[in-house]
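Working notes, structure below.
Just the heavy atoms: all of them, side chains too, but no hydrogens, waters or symmetry mates, feed the values below.
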Amino acid sequence: MKCFKTLLLSFSIMYSGTTGAQQSLQKLYPVNFSKVEITDTFWKARMQTVATKTLDACILYTENKTGRIRNFEKAAMRQGKHEGIYYDDSDVYKALEAIAYSLKTHPNPQLEQKADAWIAKIAAAQLEDGYLNTYYTLTGLDKRWTDMEKHEDYNAGHLIEAAIAYHNTTGKQQLLQVAMRFVDHIDSQFRLQNKPWVSGHQEIELALMRLYHHTQDRKYVTLAEWFLLNRGRGYGKGVIWDQWKDPDYCQDRIPIKQQKEITGHAVRAMYMYTGAADVAAVTNDSGYVRAMHAIWEDVVHRNMYITGGIGAQGKNEGFGVDYDLPNETAYCETCASVGMVFWNQRMNMLTGDSKYIDVLERSLYNGALDGLSLEGDRFFYGNPLASFGTHNRKEWFGTACCPSNIARLVASVGNYIYASSKDALWINLMIGSKVSVPVEKEQMRVHMNTAFPWKGHTTLTIDQAPKRAYELRVRIPGWLETPAPGGLYHYRNTSVAKSFQILLNGKPIAFRNENGYAVLKRAWKEGDELVLITPMEVREIESRPELKQTKNRMALQYGPLVYCVEGADNEGSAWNFILPEQANYRVQYQAQLLGGVNTIQFNGKVMQVSADGKEIKMGERIIQAIPYFSWNNRGAGEMQVWLPTRFDQLTITAR
């Protein structure tokens, strides 16, 4: 038998841009988190929180307060009652993936022992034929693969992702062997028998593509595309849709290559389109490419909140009518924003266009990060853009996908900072870090220092460079000078925009703007220093008239951060003021507030009802806004993102 390790080429190498790039449409390849050292003040603190408080919460509920680990123990013995919901295995896998990322940046022998113990129990629960699912093992194997909605392949997808992450971090193979055996089982049950199957909850498609990039085994691309090709052909009718009665719910009405509009469950859609974009890049399939572009335009131009959140409706956890984006009842599931990060990264890899990173950054800093409390042990499932005090983060959920999902995203943020192609290093996010990428037999090593997202100056220093000319491609943030993404929103105060600049060793340097990247090509020297100047200022954002819920309202943005007004900073009220026509904004960093944030202050016109309810008092007061991601960390209270500009929009209460 060949040495197993020789078959498992590093994910980072496979994504280095040196393997298979000429055979695919893919323009660039992400630099894997394991090759990136995070030094950033903003993100390092959050990664530390995830490594302790968040993972502690995941372990507590996975192992002790719910039966998720006990299910594997029972399945290993082939007896006992299943506890919880049929998709709960996936939460174990996502927690393991988050642990794997965290172990790379925050080594912890006890945590690694815990993960190894879980993995041993998972391996013991796997059947001889490769099948692994505690629900059907304990409730009746005769029913396995009979109900497309029961998330068997969804669980398998998260197992694959966890296995790859754990192998990347530790080099340990047991979980990866389990995952590959399960994939072989799935392949033998369906594709090799030409048996139709529609995944009730997409996920396996993107996971199979990650497994392909990890191993370079083409069979995983073949199986991923097989799953995609089964959709929209009526195979789920009378099987998967008994509950929902709507094939649009999981994007199954028409074949993927014919799809032009976003429909249904937001997380399912994001996961599937992530996989489809990856398949398109590897197979050169223009049909998938056209579909991905059309659907992306529909999402971003007609169905995305200013926070980068998606999925307006709670009833289907997803998309409704175009331009119908209510604020207080906005669903905006945390997992959907995580999915937006995944999908937009794949679209950027496919095209080399920075607009996808603009959306990724918006979703990351606002829609996704809002799902995690500053302490790291409370979570939002949905992320509204307004509240009368009825929303609050929770310790856990019955369906607990969001806690482990946001944990794995934060712990792996290094995946999204840099990318590489044959002749270039791409800088996508301004996050303090160090990285080294191979350039043939040489290395390109750089480190980035920044106070982002609070300040707009970033320094990029060359630590080692190849002897020949080499490109740096630095993303020019879309929030700097262009309208907010997608045409749904636009900046009102465009006249104050300032230009992106780059200084090389203290002097301005010219660059070529290509698809939103500043392209600099030269023979770099050790010690060369680039200063990236991205002027930050408060931007007022208006929406298109079709978006009725934000009519005569304004949102505030500073850098990539969307701001909100919370009652905790404003005498308990966030609904009793209007934003004046010519507001004078004052930005101040407050180190002791919410872990250290920039606040925005302005003089608002306030209406307040007297205690006896007989008089309305009018006046002016300083209103303070905070980054949206940081709200609801001081208890439930009033909050608004879209601020009224007219008195007839106010909601006032007696105080």
Side-chain angles (χ1 to χ4, degrees), residues 54-55 57-72 81-98 133-136 138-139 147-159 161-162 199-204 207 240-244 246 249-251 264-272 309-319 329-340 342 367-368 370-373 377-384 390-409:
T54 309
L55 289 182
C58 290
I59 291 169
L60 175 65
Y61 278 89
T62 300
E63 192 170 58
N64 298 323
K65 290 195 172 184
T66 71
R68 285 167 169 81
I69 294 299
R70 290 193 294 273
N71 284 334
F72 284 99
K81 182 180 179 180
H82 184 271
E83 302 177 56
I85 310 172
Y86 53 83
Y87 44 69
D88 280 354
D89 288 2
S90 66
D91 297 330
V92 178
Y93 302 143
K94 287 200 295 289
L96 277 170
E97 186 181 355
N133 183 284
T134 66
Y135 177 76
Y136 279 115
L138 296 175
T139 63
D147 187 340
M148 296 175 181
E149 177 58 23
K150 281 296 189 288
H151 289 53
E152 289 162 279
D153 46 16
Y154 168 82
N155 290 348
H158 281 300
L159 168 62
E161 290 194 88
S199 176
H201 193 311
Q202 301 95 305
E203 151 68 17
I204 193 169
I240 193 172
W241 307 126
D242 290 348
Q243 177 182 359
W244 296 101
D246 182 7
Y249 176 71
C250 82
Q251 303 77 40
H265 191 278
V267 180
R268 286 166 164 84
M270 292 302 100
Y271 286 178
M272 183 178 77
I310 56 170
Q313 300 183 150
K315 65 181 181 180
N316 68 343
E317 296 187 311
F319 299 96
T329 60
Y331 201 69
C332 290
E333 185 179 341
T334 297
C335 287
S337 290
V338 172
M340 279 287 275
F342 294 165
D370 182 53
L372 180 66
S373 71
D377 56 1
R378 288 184 175 271
F379 311 92
F380 270 141
Y381 197 102
N383 296 273
T390 55
H391 301 87
N392 213 355
R393 289 186 175 86
K394 300 185 184 303
E395 290 186 8
W396 204 250
F397 307 96
T399 297
C401 49
C402 293
S404 53
N405 224 353
I406 188 60
R408 68 175 179 147
L409 178 65

Look at the side chain of [X] and the backbone N and O of [Y], then say whether any donor-acceptor pair between them is shorter than 3.5 Å.
X    : Y    : result
E83  : I69  : no
T66  : Y61  : yes
N133 : Y136 : yes
N155 : H158 : no
N71  : G67  : yes

How far does [atom1] of [X] sit from [atom2] of [Y], to the nearest 0.5 angstrom?
X    : Y    : atom1 : atom2 : answer
D246 : H265 : CG    : NE2   : 13.0 Å
Y249 : E149 : OH    : CD    : 6.5 Å
L96  : C58  : CG    : SG    : 10.5 Å
W396 : D91  : CH2   : CG    : 6.5 Å
C250 : M272 : SG    : CE    : 8.0 Å
R70  : T62  : CZ    : OG1   : 11.0 Å

Going by an N to O cut-off under 4.0 Å, is there a salt bridge joining E317 and R268?
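No.
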Taking only Lys NZ, Arg NE, NH1 and NH2, and the carboxylate oxygens of Asp or Glu, determine whether E63 and R68 approach each other closer than 4.0 Å.
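No, this pair does not count.
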Would you say the rings of H201 and Y154 are close, in the sense that their centroids are separated by under 6.0 Å?
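Yes, ring centres under 6.0 Å apart.
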Would you say the ring centers of Y86 and H151 fall short of 6.0 Å from each other?
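Yes, ring centres under 6.0 Å apart.
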Minimum heavy-atom separation for [X] to [Y], with atom names?
X    : Y    : answer
I406 : A368 : CD1-O, 3.3 Å
C335 : V267 : CB-CG2, 3.7 Å
A95  : L55  : O-CD2, 4.5 Å
Y135 : H82  : CA-CD2, 3.4 Å
D153 : I204 : O-CB, 3.5 Å
F319 : G311 : CE2-N, 3.9 Å

So, do [X] and [Y] sit near enough that their side-chain heavy atoms are less than 4.5 Å apart?
X    : Y    : result
H391 : P384 : yes
M270 : Q202 : no
S404 : F379 : no
M340 : I310 : yes
E161 : R408 : yes

Test side-chain contact (heavy atoms from CB on, under 4.5 Å) applied to F380 and S373, step by step
CA-CA 8 Å; F380 270 141; S373 71; over 6 Å; no
With sequence neighbours excluded, what pairs up with D370 under the side chain to side chain donor-acceptor pair (under 3.5 Å) test?
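With sequence neighbours excluded, D370 shows a side chain to side chain donor-acceptor pair (under 3.5 Å) to R393, Y628, W631, given in chain and number order.
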Side chain to side chain donor-acceptor pair (under 3.5 Å) involving N392 - partner list, sequence neighbours excluded:
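Partners of N392 by the side chain to side chain donor-acceptor pair (under 3.5 Å) criterion, ordered by chain and then number, come out as N632.
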Donor + acceptor pair across side chains of T334, N383 (<3.5 Å)
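Present: a donor and an acceptor within the cut-off.
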Result of checking E333, K394, K94 against C402 for side-chain contact (heavy atoms from CB on, under 4.5 Å):
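Output: one option passes, namely E333.
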